[in-house]
Amino acid sequence: MEGLKLHSSVPATSSLFPKFAFPIRPTTHTAHSTGLIRRSLSISPCIISCKYFDLKGAHNSHIKRKASVQPVTEELIEEKSNDVLVSGDSIRRRFLDFYASRGHKVLPSASLVPDDPTVLLTIAGMLQFKPIFLGKVPRQVPCAATAQRCIRTNDVENVGRTARHHTFFEMLGNFSFGDYFKKEAIKWAWELSTAELGLPAERLWISVFEDDDEAFEIWHKEVGVPADHIKRMGEEDNFWTSGVTGPCGPCSEIYYDFHPERGTLDTDLGDDSRFIEFYNLVFMQYNRKDDGSLEPLKQKNIDTGMGLERVARILQRVPSNYETDLIYPIIEKASELANISYGLADDPTKLKLKIIGDHMRAVVYLISDGVIPSNIGRGYVVRRLIRRVVRTGRLLGIRGDCRENLEGAFLPAIAEKVIDLGTHIDSDVKARAPRILEEIKREEYRFVQTLERGEELLEQMIDDALSSTREKGTVPCLAGEDAFLLYDTYGFPVEITIEVAEEHGVTVDMNAFDTEMEKQRRRSQAAHHAIKLEVGDDADVTANIPDTEFLGYDALSARAVIKSLLVNGKPVIQVPEGSEVEVLLDKTPFYAESGGQIADHGLICVSDGENQQRTVVEIIDVQKSMGNLFVHKGTIKEGVLEVGKEVEAEVDPKLRQRAKVHHTATHLLQSALKKVIGKETSQAGSLVAFDRLRFDFNFHRPLLEDEILEIERLINGWIGDAAVLQTKVMPLTEAKEAGAIAMFGEKYGEEVRVVEVPGVSMELCGGTHVSNTAEIRGFKIISEQGIASGIRRIEAVAGEAFIEYVNSRDYYMKQLCNNLKVKAEEVTTRVDNLLEELRTARNEVSLLRSKAAVYKASTIASKAVLVGSSKEIRVLVESMEDTDADSLKSAAEYLIDSLQDPAAVVLGSSPSEGKVSLVAAFTPGVVKLGIQAGKFIGPIAKLCGGGGGGRPNFAQAGGRKPENLLSALEKARSELMAILSEKGS
């Protein structure tokens, strides 16, 4: 399900929503066990008790697996109304309890970082169930209920401007995987909304797909909703599709009516001043084929979504989602830091506070799930949100940490409030709080360092754009190249540039910006804001093939039977010699790539027999597909392979041992890192290969040499202890309670495999490992570097790869000693001496080049021309051919000292292929005329495919198009002479 449709907001009337001056949060009188917020307020007209509908076919009680409609009696409404306002935590719990009592398995929220490569972030509750809906993996339970954390940033500009737009939100959902369908989903949705949550029946309206007579009849005849409260709507509004092809079906939505007094004639459910959609039911019953026709699905599914923030708004009787207890305490904290009263603030100020409240929720939970600020992909989403909050806070007057430190960060104080509210949203967020707060603080500092300079530059760019408009009479537009400069050099997300420019009535040339981005690097693919489901051929290919039995923990060879053969993804019965093939076996000793560990290599053989040709398949990769099917990829070296044949599957034992060694060493490395640099560090990715291991982790600085040595010492000590590894299979909850570490990004079932090095490491892991740490033999870190903001990477070798590494380094050292004619311990001293000699020689060469450039400059000084009538100004614009940048600077300095003030000098050169150097030097007399070198040289450099700037009297620039140098210098000459002629007259 794509989620609830969002409509533009119209502010609620003051008569409907009384103004409040209190925080929407539990007080000391709150019944925390129930999650209810009790207040001594009169009942709002939003929730009133009455008996409106004659509910047909209703029962007085429900059976666990049978949907029924409970009558909404006056007493029931009164009971619910007496609860007055219900907390967000209570609504979430009651939703899950409601469906748990009806046979649903309550599952935890999936990470905001999805497995699905077509989606950047988790944007809907159904995403974690996509493989089940596609039939690619078997269902583990017949039906489930979740409270899913979601992120959407495609309409971030609407955050705070409407009553319900958010970047972070929670989607409550109930799902059926071929279990129950339309009737039960509708009746339970109604029962939850009216009997459990206490919403007045007469306030609820229903939308159905225009051709879905079945849903209409259920709502009208079985639930009892009057026909004039049911709206038939078209495909655009009420037919859910996953893409051009694939699963699809009609949907039905429940709306809450804030103004029933307006009647039922000409009612528009899209009227935001009156309605809010809060519950969406998707009936996934068709498959759309390539020709556009619909065919019934064999397994009909249910996918629903109830927006928690929206329901909280209704039940808590507040003007928007932002005033609910889910968000308002965060806004209140921001108000406190800004010394502002939210209740008394004007609309622009409230908008800024809402942006902070919304974005900080998204930032905290994204970082908690392992997303670190960066300039690509998910990291860019976090960076963009953080920087938007920083700028918004500064516009509100927030400076420093509001604790007498003007150089401090204020975001951590707001993030702490988000974390305090998050206990029931993500149980891990408090444990990860130190890392979350440190990452937020670091990113804020990083942005603030360049923010003020960037703001000044942006202000100047906007002024220039407005001035240019006044002169030319055009629409004010900021150049895309300028927007890119702000992004690339000053860390300004282009969205902030656009936002600030629009505040001044200036647009941004995004086509030019995109061109600059493409020149520099390829951006990660943008977030997909739709979940694409397609029923592919692979579902049919493997429909009757059981899961592969993995034997590789205990054996490196096994007899197996070929269940299927694939060539280019298509099933075949027989494959000839020389062909690339994918082999599916009933059982295998081959480890399939997962958990960072690469797949085993080896052979699949059909033994020689009487009148039978030997067949050998070289396996170079194994991948899991469609759940737990192992696909062995390789090439037939000998013979012919056929489906149904019995084969011998043999793993290369030497390569397996290398992988085992590196995998166990990876576990030891994580433990050593936690001991040396802190327990808060955590894994951010890994690779276990035959020749090395790679480990990515969260840390804010490079490791010190002493820290690297200590890590190696610890690991080699554990190797020397010859500890026997212990492997157990246990329930996930039990493993976590025992302290087992889960790998970031991995999905775990209810039963997990725990690998323990006693007293050192305990991790959830499905990989292969040594039996004894002594098998690792030795460990060495070969590199440590940063790969993204806040992410470090270690590469290391162990076992046989360690021996190879030591031997190769020993060989190179002997060669170096031989060439330098010194002993090994004298190599560094000898190299230092050679480098010093090289530096001295280079300085001498540079000095000679500078002298040559000055001499050349002295020969062209006479070419200076005089311009201006009342004041003669000397202008010299020349090319100095292949002079390097430093020498060009020396030449310009010589000329500006030699020529009488006022004088202007512009020099250019092409010191190497594909490179341009430019310099502009103006005397004080020229600068006083209002001409600045820094501003003048920039546009000239752009003609050469570059840019630059500097001081009013001296500036340097560069470019990448030497072929344009002469024309650029000619342009500089003509402009200088024109400007100075006018100024000097």
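What you see is a predicted model; the values in this text were computed from it and never measured.
A donor-acceptor contact shorter than 3.5 Å is absent between the side chain of Ser686 and the backbone of Arg694. Of the possible donor and acceptor atoms, one in the side chain of Ser808 sits under 3.5 Å from a partner among the backbone N and O of Tyr805. Distance alone, capped at 3.5 Å, is enough to place a donor-acceptor pair between the Glu826 side chain and the Lys823 backbone. A donor-acceptor pair under 3.5 Å links the side-chain atoms of Asn716 to the main chain of Glu712, judged by distance alone. Checked by atom type and distance alone, the side chain of Glu784 never pairs as donor or acceptor with a backbone atom of Arg792 at under 3.5 Å. Judged by distance alone, the side chain of Glu444 and the main-chain N or O of Ile386 form no donor-acceptor pair under 3.5 Å.
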ask   = Are Arg658 and Glu804 close enough, and set up right, to give a salt bridge (Lys or Arg N to Asp or Glu O under 4.0 Å), and what steps lead you there?
value = CA-CA 12 Å; Arg658 283 172 171 261; Glu804 293 169 352; 2.5 Å; yes
task = Mind running side-chain hydrogen bond (donor to acceptor under 3.5 Å, both in side chains) on Thr635 and Glu618 for me, showing each step along the way?
result = CA-CA 5 Å; Thr635 303; Glu618 182 182 9; over 6 Å; no
request  = Test side chain to side chain contact (heavy atoms under 4.5 Å, CB included) on Leu669 and Phe695 and set out the steps.
outcome  = CA-CA 8 Å; Leu669 174 58; Phe695 188 82; 3.6 Å; yes
request  = Please assess Lys780 against Val806 for the test side chain to side chain contact (heavy atoms under 4.5 Å, CB included), listing each intermediate value before the final yes or no.
outcome  = CA-CA 9 Å; Lys780 182 68 179 175; Val806 171; 5.8 Å; no
Residues Arg387, Glu443; criterion salt bridge (Lys or Arg N to Asp or Glu O under 4.0 Å); working and verdict = CA-CA 8 Å; Arg387 296 189 168 188; Glu443 182 65 16; 3.2 Å; yes
request  = Just do the side chain to side chain contact (heavy atoms under 4.5 Å, CB included) check on Val827 and Cys817 with the steps written out, would you?
outcome  = CA-CA 7 Å; Val827 166; Cys817 291; 3.7 Å; yes
task = Tell me, with the steps shown, if Gln785 and Glu795 meet side-chain hydrogen bond (donor to acceptor under 3.5 Å, both in side chains).
result = CA-CA 9 Å; Gln785 60 184 330; Glu795 291 200 358; 5.3 Å; no
message = Run Asp586 and Arg559 through salt bridge (Lys or Arg N to Asp or Glu O under 4.0 Å) and show every step you take.
response = CA-CA 10 Å; Asp586 62 339; Arg559 301 290 294 177; over 6 Å; no
ask   = Going through the distances and angles, do Phe690 and His601 end up as a ring-ring contact (aromatic ring centres under 6.0 Å, His included)?
value = CA-CA 10 Å; Phe690 302 135; His601 291 190; 5.1 Å; yes
task = Determine, step by step, whether Val364 and Ile419 satisfy the side chain to side chain contact (heavy atoms under 4.5 Å, CB included) criterion, reporting the C-alpha distance in whole Å, the side-chain angles of both residues, the deciding distance to 0.1 Å, and the verdict.
result = CA-CA 7 Å; Val364 165; Ile419 293 168; 4.0 Å; yes
inquiry  = Please evaluate residues Thr727 and Glu756 with respect to the criterion side-chain hydrogen bond (donor to acceptor under 3.5 Å, both in side chains), reporting the C-alpha separation (whole Å), side-chain torsions for both, the decisive distance (0.1 Å), and the verdict.
reply    = CA-CA 6 Å; Thr727 303; Glu756 181 180 8; over 6 Å; no
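Put simply, the side chain of Glu751 does not reach to within 4.5 Å of the side chain of Leu732, judged on heavy atoms. You'll find the side chain of Leu421 reaches within 4.5 Å of the side chain of Ile330, heavy atoms only. Residues Leu411 and Lys441 fail the side-chain proximity criterion, which asks for heavy atoms closer than 4.5 Å. At least one side-chain heavy atom of Tyr365 sits less than 4.5 Å from a side-chain heavy atom of Val429. Contact annotation: the side chain of Leu385 approaches that of Thr167 to within less than 4.5 Å [non-hydrogen atoms, C-beta and beyond]. Ser109 has its side chain out of reach of Asp426: every pair of non-hydrogen atoms, C-beta onward, lies at least 4.5 Å apart. Proximity of Thr153 to Ile151: side-chain heavy atoms (C-beta onward) are separated by under 4.5 Å at one or more points. With a 4.5 Å cut-off on side-chain heavy atoms, Leu673 and Ile711 count as touching.
Within 6.0 Å of the CD atom in Glu580, the count of heavy atoms belonging to other residues, nucleotides or ligands does not exceed 12. Atom NZ of Lys674 has more than 12 heavy atoms from other residues, nucleotides or ligands within 6.0 Å.
Nearest approach of Val688 to Ala659, heavy atoms of both residues: CG1-O, 3.4 Å. Smallest separation of non-hydrogen atoms from Leu107 and Ala144: CD1-CB, 3.8 Å. Val371 approaches Gly379 most closely through the heavy-atom pair CG1-N, 3.8 Å. Counting all heavy atoms, side chain and backbone alike, Ala555 lies closest to Pro589 at O-CB, 3.6 Å. Closest approach of Lys587 to Ala560, counting heavy atoms only: O-CB, 3.3 Å. Residues Asn698 and Ser682 come closest through the heavy atom pair ND2-OG, 2.7 Å.
Side chain to side chain, Thr588 and Tyr591 fail the donor-acceptor criterion of an N or O pair below 3.5 Å. In the model, Glu763 has a side-chain atom that pairs as donor or acceptor with a side-chain atom of Gln670 under 3.5 Å.
With a 6.0 Å cutoff to the six-membered ring centre and a 45° limit on the axis angle, Arg692 does not count as a cation-pi contact of Phe802.
A salt bridge does not link Arg713 to Asp706: none of the charged side-chain nitrogens sits closer than 4.0 Å to a carboxylate oxygen. A salt bridge links Glu438 with Arg442; the closest basic N to acidic carboxylate O contact falls under 4.0 Å. One finds a salt bridge joining Arg701 and Glu707 here, because a Lys/Arg side-chain nitrogen approaches an Asp/Glu carboxylate oxygen to under 4.0 Å. Using a cut-off of 4.0 Å between Lys/Arg side-chain N and Asp/Glu carboxylate O, Glu170 and Arg149 are scored as not salt-bridged. Salt-bridge annotation for Arg793 and Asp696: present, with a side-chain N of the basic residue lying under 4.0 Å from a carboxylate O of the acidic one. Classification of Arg777 and Glu800 as a salt-bridged pair holds, one side-chain N sitting under 4.0 Å from a carboxylate O. A salt bridge links Arg839 with Glu836: the distance from a Lys NZ or Arg NE/NH1/NH2 to an Asp or Glu carboxylate oxygen falls below 4.0 Å.
Note: His663 and His769 have tilted aromatic rings, judged against thresholds of 30 and 60 degrees for the angle between ring planes. Ring planes of His632 and Phe590: perpendicular class, angle over 60° (limits at 30 and 60°).
Rounded to the nearest 0.5 Å, atoms CG (Leu603) and OG (Ser557) are 11.5 Å apart. Remark: Ile620 CD1 to Asp652 CG distance equals 13.5 Å, nearest 0.5 Å.
Residues passing the ring-ring contact (aromatic ring centres under 6.0 Å, His included) test with Phe129, sequence neighbours excluded: Phe175, Phe177.
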